[in-house]
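First comes the structure, then the notes that go with it.
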Amino acid sequence: MRSSFRRELELLQNSILKMGSMVADALDNAMTALKQRDMELAQRVIAEDDKIDALELEIEQKSLSLIALQQPMAGDLRFLGTALKIITDLERIGDNALSLAKVTINLGNQPFIKPLIDLPRMAEICQKMIRDNLQAFVNRDHELAVKTAELDHEIDHLYNQIFRELLVLMGEDPRNIRQSTYLLLAARHLERIGDHATNISEWIVYMVTGNRVDLNK
Amino acid sequence: MGIKMETKNLSIYYKNYKALNSVSLPIKENAVTALIGPSGCGKTTFLRSLNRMIEVIEGARIEGNVLLDGKNIYDPEVDPVELRKKVGMVFQKPNPFPMSIFDNVAYGPRIHGVKKKPLLEEIVEKSLKAAALWDEVKDRLYESALGLSGGQQQRLVIARVLAVEPQVILMDEPASALDPISTAKLEDLIEQLKEKYTIVIVTHNMQQAARISDYTAFFLNGELVEYDETRIIFTTPKEKRTEDYITGRFG
């Protein structure tokens, strides 16, 4: 009875890892699509989001039925509570990747008013946060989770930098406003991803230690 | 919340076998304390030490103190019969006496010298009401208690304990022989009883311990491994052995 429960927990963990890597891929593809003006790739990110949503529902159902049928306690209970919370954040990250893909489509093939440097840098850090969180989750490594959340400061810093830069460009020439607004939206989506990733780090700390901490400081 | 009972370095031996090893545990007043642990861990031995039932077992020897309101219950001048009036016990299998429902509940008060019928009637009604059984048996008080269902019998036994106005009620797996509905009624009853009494319960059912108790003590191999608020024991236990036991990773 308990050993089958152990197996179910492992399967659930694998599903969460799969969802995490689907989300990370979505972000990676959305950023590549933006950099290379690849409409097809952007469309694919949008289409794939349904699969992420479906997997979220599946994990949610599985977690709830394990709670009902196995009455988990202590570490198992914290694992399932964490699973239910972090899939919401992963799903939102997926939505942000989708929104980023939509920015690409809305921008069309219009040449960039500035080279994209900080946006890809933000996406890279987001990517690292997602992947490090997944590793911290699997290895029950709360120290790695805390370190991961610290990366969000860099994301916020880049976001503010992009914000100021685009403001200047818009002030210089009103023809820059349309593209600047889209790029600002793109930056905003990435900034939100950093916040969701920080939430995930916080839940991992809870899962391992039992303490709810605020890492968003 | 005050401390109603307390053990201090309590060790219990059955002949040469040490069944309990230096256990110090507070029992909080007007609260439910659950004792959990695998078979043979010492939880029932511990429970039986709290009203000196342990002395009934041949070859049992006690070291350390058990305090009730700060006084050692193993003090030579303490009368075990008086003590068991204050610290009542409910067992795993309901054990009604082969007599009427009324006489079962009136049994204790009669032993303690209550003779007058009106007073006995009052005590019986009050006790059956407190045990949430009155409505089900008020029309057949003079029928045999053995005709009651298992769940009703268990509540009758609790009424019998309540009739002598105890302060502490010890329960040794009181729901293990009951169906889910009777179990739910018993759990509701325990919840109500703690307003007036202090309750210590041994249970193998961890979900039950989690549902009804305020404090939980985990025993293993005759030792107290961990004691804390129930909420903490079942969400963030401090000891790995506790975690392993309650999540079923044991052994």
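Given the structure is predicted, the values throughout are model-derived calculations rather than measurements. Here is how names work: the chains are called A, B, and so on, in the same order as the sequence lines, proteins then strands, and each is numbered from 1.
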Take atom NZ in A:Lys102; do more than 12 heavy atoms of anything else shown fall under 6.0 Å from it?
no
What are the two closest heavy atoms between B:Thr236 and A:Gly210, and how far apart are they?
CG2-CA, 3.4 Å
Other residues, nucleotides, ligands: >12 heavy atoms within 6.0 Å of B:Asn221 CG:
no
Specify the closest pair of heavy atoms between B:Ile246 and A:Ala74, including all atoms of both residues, with the distance to one decimal.
CD1-CB, 3.7 Å
Does the side chain of B:Met206 come within less than 4.5 Å of A:Gln71's, by heavy atoms?
no
NZ of A:Lys128: more than 12 outside heavy atoms within 6.0 angstrom?
no
B:Lys86, NZ atom: more than 12 neighbouring heavy atoms under 6.0 Å:
no
Exceeds 12 heavy-atom contacts within 6.0 angstrom, atom CZ of A:Arg92:
no
Using a heavy-atom cutoff of under 4.5 Å, enumerate the residues of residues 35-48 of chain A that contact chain B, numbered in order, or state 'none'.
none
For A:Asp214, look at atom CG and say whether over 12 heavy atoms of other residues, nucleotides or ligands are found less than 6.0 Å away.
yes
Tell me, please, which residues at least two apart from B:Glu136 pass salt bridge (charged side-chain N to carboxylate O under 4.0 Å, His left out).
B:Arg155, B:Lys185
Are A:Met73 and B:Glu243 close enough, and set up right, to give a side-chain contact (heavy atoms from CB on, under 4.5 Å), and what steps lead you there?
CA-CA 8 Å; A:Met73 296 284 194; B:Glu243 169 100 24; over 6 Å; no
